[in-house]
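Numbers restart at 1 for each chain; the letters A, B, ... are given by sequence-line order, proteins then strands. The shown structure was predicted, so the numbers you read here are calculated from the model rather than taken from an experiment.
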Amino acid sequence: MTTTAEQKNGWEPRIVAFFCNWCTYTAADLAGVSRLRHAPNARIIRVMCSGRLDPQFVLDAFARGADGVLVGGCHPGDCHYMEGNYKALRRVRLLERMLDAMGIHRDRFRLEWISAAEGEKVKTTINDMVARVRALGPLGLPGRFADWDREMEELAHAVAAHTEDVHA
Amino acid sequence: MKLPAPPAIRTAAASSPPPMKTVTRRLKFESELDLSFGEHVAERAYGQKLLSCIQCGTCSATCPLSHYMDYTPRKIIAMTREGFKEEVLNSLTIWLCASCYSCTVQCPRQIHITDVMYALKREAIARRFYPPKHPIPVLARAFFDRVMHDGRNTESRLLITLYLRTNPFKMLKEAFLGLHLFRSGRLSLGREHIKGIKELRAMINGPGQRKEAVPL
Amino acid sequence: MPESNGHDAPRIGFYVCHCGHNIAGIVDVAAVAKFAGALPNVVVARDYKYMCSDPGQELITTDIRELKLNRIVVASCSPLLHEHTFRVATEKGGLNPFYFQMVNIRENVSWVSDDGKAATVKACDLVRAAVRRVAVHHPLETKRVRIHPDVLIVGGGISGIHAALTLANAGKKVTLVEREPTIGGHMAMFDKTFPTLDCAACILTPKMSAVKNHPNITLWSYSEVTEVSGYVGNYTVKVKRKPRYVSEELCVGCMECIDACVYKEGKTPDEFNQGLSKRKPVYIPFPQATPQVVLIDPETCIEFKSGRCKKTCVEKCDRDAIDFKQKEEIREIRVGAIILATGFKTFDAKRIPYYGYGKFPNVYTSIEVERLVNASGPTSGELILRDGRRPKTVGIIHCVGSRDKNTNRWCSRTCCMYSLKLAHLLKEHSHAEVYNFYIDIRAAGKAYEEFYDKLLEENIHFIRGRVAEVTDWCARPEEKDKLIIRVEDTMIGVVRRVPVDMVVLAVGMEPKEDAQDVRRMFNISCSTEGFFLERHPKLAPVDTFTDGIYIAGACQGPKDIPDSVAQAGAAAAQALSLIDAGEVELEPNTAYVVEEDCSGCKSCLAICPYTAISRDEAKQKAVINEALCKGCGTCVATCPSGAIRQHLFEDEQIFSEIQGLLEADEPILTGGQA
Amino acid sequence: MSYLYFPGCSLRSTGRAYEESILAVFRKLQIPLTELEDWNCCGATAYVSIDENRAFTLAARNLAIAERMKTNGGGDLMAPCSACYLVLEKTQHYMETDDGVKQEVTAALRRGGLDYRGTTKVRHPLDILVNDIGLDRISKAVVHPMKGMNVCCYYGCQVVRPFETFDHAAYPVTMDRLVTALGGKSIDWPMKARCCGGSLTGTIQEAGLRLNRALLKEATARGANIILTCCPLCQHNLECYQKRINRRFGESLQMPIAYFTQFLGLALGIPPRELGIQRLFVPLPETDGKRKEVPAHA
């Protein structure tokens with residue numbers, strides 16, 4: 001684990017978590033009721049089923065500055081809507097390849113099956129994910145996008161200038 | 001000359017009529033306890049679970065040696081948890097533990113009792129909380145020295161060191177057995193040692209290692 | 001009344017709840033309110049001690065009227081607890097109730113954080129997300145559906161029996177499905193019941209026949225539920241009725257066929273007597289079995305094995321009740337509510353080899369001993385051991401498969417008391433010395449402690465210590481041919497070896513083997529131990545997360561008879577309150593198709609598990625049947641052209657939430673802890 | 001299948017017969033063994049009493065060397081001495097489960113130029129012979145069925161506890177299955193894995209002697225004419241202190257204590273001398289059940 005400049009400045013990983021209403025969100029409530037303290041870095045968005053997870057939600061979260069995205073659903077076979085979690089799994093597998101291609105580390109995105117009874121697993125999953133993302137350092141896509149935009153702009157200027165040269 | 005530490009084991013049947021009782025104070029003041037002791041030991045024994053003991057006594061009942069101990073393992077856990085540091089570290093119990101792990105596998109709270117005993121032994125050795133010439137710490141120390149010297153341990157040499165440091169007369173008692181072992185080729189006096197001893201010492205004595213209270 | 005057509009500029013009212021110290025003890029609620037007040041569209045931001053209280057709700061309704069609010073956000077506990085409360089308050093103020101969004105800063109924030117600064121930052125992020133989200137909420141109508149008035153009860157032990165009678169007496173039609181050939185469950189096997197020492201059969205069998213004879217109860221024994229579909233108020237259930245090979249209508253339970261069977265003696269271990277006696281292929285589990293109908297076990301009946309039996313049973317039956325050709329039947333019923341009372345199984349004592357169960361014949365489980373001391377049991381109540389001896393000393397080992405992280409970590413709650421009861425009965429039957437080996441005696445019920453006291457006065461031995469092993473290793477002549485119990489007497493601090501003739505293992509209670517299959521079928525959850533999970537451990541102990549499905553008895557957790565009966569009554573009352581309401585409101589979170597965007601690609605059709613989506617061939621568009629849609633949103637995420645949307649979980653709303661969570665200018669600064 | 005072999009200090013002195021019989025048996029069954037290069041003492045139980053992380057480091061050096069040799073074609077690491085077996089396993093376990101241990105030990109190993117990724121598997125010869133090689137292959141190779149051998153198998157503690165890697169913690173059966181496959185009769189007894197006292201015979205001897213007495217008496221009472229062990233310290237304790245136990249407690253115990261590999265070797269027809277049978281103090285019973293009268297040690 002290396003200490004980056006951001007960490008010295010008090011950077012903390014930002015995790016967006018999409019939890020299904022019936023299992024994982026309930027498990028997170030259970031973690032609360034059981035006072036299972038864990039890293040404060042995850043922000044939960046409730047959806048009815050992990051099957052509702054549109055890959056765009058994940059990409060949007062990264063693009064807006066999330067350092068990690070966690071998806072929680074019912075265990076295979078336990079989906080409140082019979083098989084929404086399988087659909088989520090299929091989508092996630094594709095998404096993972098896409099994230100690979102984009103150079104986003106596998107540790108930044110994670111799908112976990114957490115049943116309503118597994119408050120403890122909410123705690124360990126979040127802690128583990130935060131630790132891994134912390135080790136990776138900030139993703140900082142918004143900043144990178146800004147840099148790219150600037151570079152593209154400069155490049156465009158340069159190209160424009162160059163073209164003028166050629167035609168001069 | 002008497003062997004210093006371990007008292008002879010008396011069975012109930014062999015005991016003679018008890019001598020006149022003397023009055024001893026059994027009252028314990030909180031100020032005499034070390035309330036941080038339990039957590040301290042739990043931490044050093046990778047046994048954070050130590051605190052979850054329910055005093056069921058399975059450890060004592062399964063322990064093959066508990067009936068020779070001054071405090072049963074269950075009591076040791078209770079006393080550790082409650083900070084009876086002096087009594088625990090002075091007890092014979094921790095030295096009688098033969099590391100058979102029966103308690104560890106049967107404990108309903110999955111407390112690693114054997115590791116707790118090791119932690120207490122370390123604590124006792126580090127703080128010199130044992131009778132002088134007690135054979136077990138001496139053996140541990142002698143063992144340590146041997147390994148630091150050669151990388152391997154030659155049993156004959158280890159035993160000789162042990163007896164010289166504790167009770168040289170006992171060596172004579174054991175000599176017959178030694179002779180037999182020697183004759184049957186089961187005791188070698190030659191020293192085994194490894195090639196990479198320099199590297200081994202570097203590993204063991206490196207800067208990162210915890211410094212013991214007593215230099216080894 | 002303010003306009004609520006959703007086109008107005010949002011005027012948001014924000015409220016953060018202290019929840020006493022629960023939230024305010026960690027989260028700086030004043031800071032959260034101040035933060036929210038500065039967010040766009042927020043007109044008013046307040047913090048209050050208890051938002052769910054009447055004055056708390058009053059704040060919302062008054063503000064809506066006076067400040068012309070059109071959106072409400074409350075940051076308090078989990079929406080699973082109080083979303084409904086605040087929607088009602090929103091509606092009271094004159095708004096559509098779905099112009100409301102809730103932020104969970106108790107379960108998700110204050111209760112799981114110990115760093116106040118980090119918790120406050122987290123709460124602010126969540127609040128910002130909710131404020132953004134509520135701005136794009138739309139008004140919605142709730143759907144109401146009628147409730148079918150019949151009830152299904154699964155499991156005919158004491159809980160199922162009690163629930164069935166309660167509902168039937170209230171005039172509801174009940175179908176009671178029991179897997180075994182008779183109802184009665186575990187209680188029917190018990191000899192006496194603690195602490196009163198009532199005979200179990202004497203108090204149970206009247207209730208069993210009441211079930212059989214009740215005009216409102218349909219009893220399907222030897223049957224199993226195989227399929228459940230539908231939703232609250234409208235469940236369709238398939239039940240498999242296993243063949244008994246004896247007509248239930250014709251058989252009168254005279255049992256002459258049993259006497260007539262070509263087998264003179266029983267050869268098969270008798271399930272009801274825990275294998276301590278043998279039964280014939282044609283049998284009735286016990287004399288008072290309900291229904292009073294015999295059954296034939298095709299595994300052992302000669303007619304089924306070879307087809308060449310003399311069929312003396314058929315000859316004997318003057319009602320022609322025996323029917324070797326009987327087939328399994330599948331029945332379908334419709335019900336509005338379901339009560340699960342599927343019970344428990346006892347811990348398999350072989351899992352602890354230290355106690356020698358299965359190795360030493362004189363080691364018994366407690367349930368075996370119940371049969372052994374029972375007058376209608378295998379030895380007619382005589383205490384004769386497997387090896388023919390009568391015990392002079394008995395050791396009862398408590399907590400076998402309970403309070404043990406190597407097996408089951410929970411306390412089974414009943415073993416202390418039934419061990420005391422068995423100690424009393426064993427002493428009464430045999431005048432033996434009886435030892436109890438316990439960790440703690442838990443006698444917390446009404447008149448339980450008094451019972452313990454009685455046992456102490458009977459001079460039963462109580463040794464506080466968990467037994468390490470039962471062996472036949474004898475170290476002294478007097479220990480010869482005995483079972484040696486090795487235990488630390490922790491009160492005295494000495495290890496003891498207690499030689500006994502009989503060992504009783506007080507086995508704990510476990511979830512049924514197929515609890516996981518059952519919960520999947522009924523779409524409910526299990527706790528980590530595998531017992532069915534209640535909706536709330538304190539306030540909704542018989543509800544589940546699936547509306548219209550209730551749980552009662554030991555399927556929810558270890559319970560004794562009084563608690564099971566109380567819970568069964570509660571479950572019946574819950575079912576009753578659902579049914580008598582006549583109809584139920586459904587969450588309007590269904591999916592819908594925006595026709596002009598639909599390309600008619602049919603991707604969504606296969607994805608819906610409820611076949612709620614079809615294709616309008618004329619229009620070449622997808623159509624969603626709102627009545628069938630349950631609102632999972634999987635089709636929404638699947639639709640390639642974004643034509644399917646979901647009420648309450650619109651893409652726009654979720655994107656707003658993501659944006660709100662992450663638009664902090666500065667990275668989250670916390671105390672640097674994780 | 002080939003294995004790396006970690007003899008440990010005992011097999012080079014008191015446990016010499018164990019080593020001789022292991023090597024002979026493995027040769028006979030054509031299972032290649034390679035001695036771990038420049039292995040060092042595992043640290044045994046004594047070392048942990050001084051400093052746990054140093055003890056783990058000591059053991060981890062062997063695991064690291066084994067890992068290096070494994071990548072070059074070596075197999076699992078076989079440790080016949082129960083104490084070595086457990087210490088190596090325990091080190092492996094704590095390095096897997098405790099980050100603190102892992103960091104300290106990894107750093108220590110690096111100081112000595114070693115690296116350990118955690119892939120070494122520690123195995124006991126009993127586990128290897130019965131579960132890898134298999135009783136089928138072994139029983140086919142038997143030339144002298146061990147008829148008349150009434151065996152109490154004694155597993156001791158540390159081969160099964162606390163990890164129960166290949167058998168139950170208190171009621172193991174692996175060795176009994178082997179004995180049956182070799183034509184001997186295995187006797188079920190409650191002390192299969194009850195402690196022999198380990199090094200207590202050398203330190204708090206009275207307690208050690210009593211433990212061994214109980215074991216020997218129970219085996220005798222159950223009609224055993226031999227006890228088999230799979231640990232050099234158990235063998236030493238049970239065998240060498242018999243005379244002293246008899247004197248101290250007025251018993252007349254005379255029980256041969258052999259290594260299970262010696263027993264296996266005899267069944268496979270390996271000459272007794274190659275198995276170190278001559279090093280035993282109490283002679284083995286003949287396979288027809290008779291026993292030669294030879295005085296035990298002093």
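The two residues B/T62 and C/A468 have their closest heavy-atom pair at N-CB, 3.5 Å. Considering all non-hydrogen atoms of both residues, C/E488 and B/A61 come closest at N-CB, 3.5 Å. Minimum heavy-atom separation, B/P64 to C/R486: CA-NH2, 4.4 Å.
With chain C as partner, the option from B/C56, B/G57, B/C59 having the largest number of non-hydrogen pairs under 4.5 angstrom is B/C56. Heavy-atom pairs under 4.5 Å with chain B peak, among C/E469, C/R464, C/R497, at C/R464. Among C/V495, C/T490, C/D440, C/I439, the residue making the largest number of heavy-atom pairs under 4.5 Å with chain B is C/T490.
Heavy atoms of B/C107 lying under 4.5 Å from chain C belong exclusively to its backbone. Only the backbone of B/C63 comes within contact range of chain C, with at least one heavy atom under 4.5 Å from a heavy atom of that chain. With a 4.5 Å cut-off on non-hydrogen atoms, C/Y438 does not touch chain B at all.
Within 6.0 Å of the CD atom in C/Q516, the count of heavy atoms belonging to other residues, nucleotides or ligands exceeds 12. Within a 6.0 Å sphere centred on NZ of C/K405, heavy atoms belonging to other residues, nucleotides or ligands number more than 12. Heavy-atom contacts from other residues, nucleotides or ligands closer than 6.0 Å to CZ of C/R409 number 12 or fewer. More than 12 heavy atoms of other residues, nucleotides or ligands lie within 6.0 Å of NZ in B/K28, so this atom counts as buried by the packing criterion.
Residue B/S60 holds its OG atom at 12.0 Å from CZ of C/R466, rounded to the nearest 0.5 Å. To the nearest 0.5 Å, the span separating OG1 on B/T72 from CD1 on C/I492 amounts to 12.0 Å. Atom CD of B/Q55 sits about 10.0 Å away from atom CE of C/M491, to the nearest 0.5 Å.
No donor-acceptor pair closer than 3.5 Å links the side chain of C/N406 to the backbone N or O of B/Q110. In this structure, B/R109 contributes its side chain and C/R403 its backbone to a donor-acceptor pair below 3.5 Å.
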